Amino acid sequence: MKPAAVSSTAPEEETNDRPLPPGWRSYTSPEGQRYYVNSCSKETTWRHPSLSAEAPQRLLARHQSSPYANGRHSSTKTSQPTEIADVALRKPTANKQPPGSVSPAKRQIREVKETKITINCVTFPLPGEGPEQQLLKPNEWSYCDYFWADKKDPQGTTSVAGFEVLLQKQLKGKQMQKEMAEFIHERIKIEEEYAKNLSKLSLSPLALQEEGTLGEAWTQLKKSLHDEAEVHLKFSNKLHTEVEKPLLTFRGDNFKKDLKKYDHHIADLRKQLASRYAGVEKARKALADRQKDLEVKTQQLEIKLSNKTEEDIKKARRKSTQAGDDLMRCVDLYNQTQCKWFEEMVTTSMELEKLEVERIEWIQQHLRQYTTLRHETDMFNQSMVEPVDQLLQNVDPSKDRELWVKENKTSEVRPVDMDI
């Protein structure tokens, strides 16, 4: 957090050529205004110290109200004076602000509220504020780019963390994989039952006594049923070993355990982030309380001059400075924790994305094996039906009649008329 510059105008022109009393040094603010610092008492004033006997000395707060950062004075122009409130022994005029009347902590907080928003302890830029963020993996619709915020359910009553949405996708994929295996299993049962029925039907004695070329075709048709039954039985066995089993065994029980590890790791980081955010809010409130206390004591000093009130103001300044330091420290810790959470989110979401690609490619490979086996089965069935087709084409009723007559004829002699 950068200290803010002194934002008020200097008092009336003073003689800067007069010698400085012992312990005093002069500096120039970023606005080009001269001010004076007592290295012993740590007092800071716009007025030349030699004039202090002629008029009450104007005091500036340390850390946030003086040219100090964390209680250390810097003589370089890059270290800009900061302050919480200007304490004067006289009431300030309405058109003249004391040096740096807005504390850097307040100024920084106001800027954060204007450009950023914190949702569930995660800080995001407000739309249209700051430079446009670039996607980590442009044109890829990667998990690492689109699941940073929480997602509300359709009813809008509860919300789910973006990472939880990714985990649910993985679990759903696992369930879909299991259901596909169940589907293939049902297909196998149908094939097995079909093969069993075909084999049984091929042994049927029906039309067993059919003769001739038609009898040959009929016999071949029944034999093709037996062969077809064998083909379907072989198809079901291959479905089990080459499709169903791989779908069932791909990413076994350890997969869910691995997902839980991911979940617990990210959830722990979110808890740490929530704790850091609570620390920031607590420190922010403490700083506001200290500033308010300082303002009250400043008002008391304006009403009644007393050494005790001045001492109370010094103590209030020190406490306000410490509160500002605490807030900076808490914000730094929060940012460090959020950075770690961000890095783990990117790494883990990319790992989940990789797992999803592997799952889809694995299922695609084995479903294609299913279609290959099915095509082979059809080809085998077609090859077995072709002889039946050929025999049916060669069926000759005349020839069948000839064969049957030769085998079953009783006599070629026909009846004649009776003579008288």
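Residue numbers start at 1 and run along the sequence shown. This structure is a prediction, so every number in the text was calculated from the model and none was measured.
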- Task: Please test Gln382 against Asp378 for side-chain contact (heavy atoms from CB on, under 4.5 Å), starting from the C-alpha separation and ending with a verdict.
- Result: CA-CA 6 Å; Gln382 183 63 31; Asp378 291 340; over 6 Å; no
Whether [X] and [Y] hold their rings parallel, tilted or perpendicular, with breakpoints at 30° and 60°:
| X | Y | value |
| --- | --- | --- |
| His232 | Tyr194 | perpendicular |
| Tyr143 | Phe147 | perpendicular |
| Trp148 | Trp341 | perpendicular |

- Task: Could you walk me through whether Gln170 and Glu356 pass the side-chain contact (heavy atoms from CB on, under 4.5 Å) test, one step at a time?
- Result: CA-CA 7 Å; Gln170 293 293 319; Glu356 179 64 6; 3.6 Å; yes
- Task: Determine, step by step, whether Asp389 and Val385 satisfy the side-chain contact (heavy atoms from CB on, under 4.5 Å) criterion, reporting the C-alpha distance in whole Å, the side-chain angles of both residues, the deciding distance to 0.1 Å, and the verdict.
- Result: CA-CA 6 Å; Asp389 284 339; Val385 172; 3.7 Å; yes
- Message: Apply side chain to side chain donor-acceptor pair (under 3.5 Å) to residues Asp332 and Gln336 and explain how you reach the verdict.
- Response: CA-CA 6 Å; Asp332 286 342; Gln336 292 172 16; 5.8 Å; no
- Message: For Arg317, is there any backbone N or O sitting under 3.5 Å from a side-chain donor or acceptor partner on Ser320?
- Response: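 No; judged by distance alone, with no hydrogens or angles, the pair does not exist.
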- Is any side-chain N of the basic residue among Arg329 and Asp325 closer than 4.0 Å to the acidic one's carboxylate O? no
- Task: Dump the intermediate steps for side chain to side chain donor-acceptor pair (under 3.5 Å) on Glu179 and Gln175, then the final yes or no.
- Result: CA-CA 6 Å; Glu179 292 181 9; Gln175 180 63 27; 3.1 Å; yes
- Query: Do we see a donor-acceptor contact under 3.5 Å between the side chains of Gln272 and Asp268?
  - Reply: no
- Query: What are the two closest non-hydrogen atoms of Ser349 and Val346, and how far apart are they?
  - Reply: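 Looks like OG-O, 3.0 Å.
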- Task: Please name the pair of heavy atoms, one in Val388 and one in Ala217, separated by the smallest distance, quoted to 0.1 Å.
- Result: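 Residues Val388 and Ala217, closest heavy atoms: CG1-O, 4.4 Å.
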- When Lys189 is tested against each of Glu193, Glu192, Glu186 for salt bridge (charged side-chain N to carboxylate O under 4.0 Å, His left out), which residue passes?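 Testing Lys189 for a salt bridge (charged side-chain N to carboxylate O under 4.0 Å, His left out) against Glu193, Glu192, Glu186 leaves exactly one candidate, Glu186.
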- Query: Does the pair Ser142 and Glu353 meet the rule for a side-chain contact (heavy atoms from CB on, under 4.5 Å), with working shown?
  - Reply: CA-CA 7 Å; Ser142 175; Glu353 182 178 308; 2.7 Å; yes
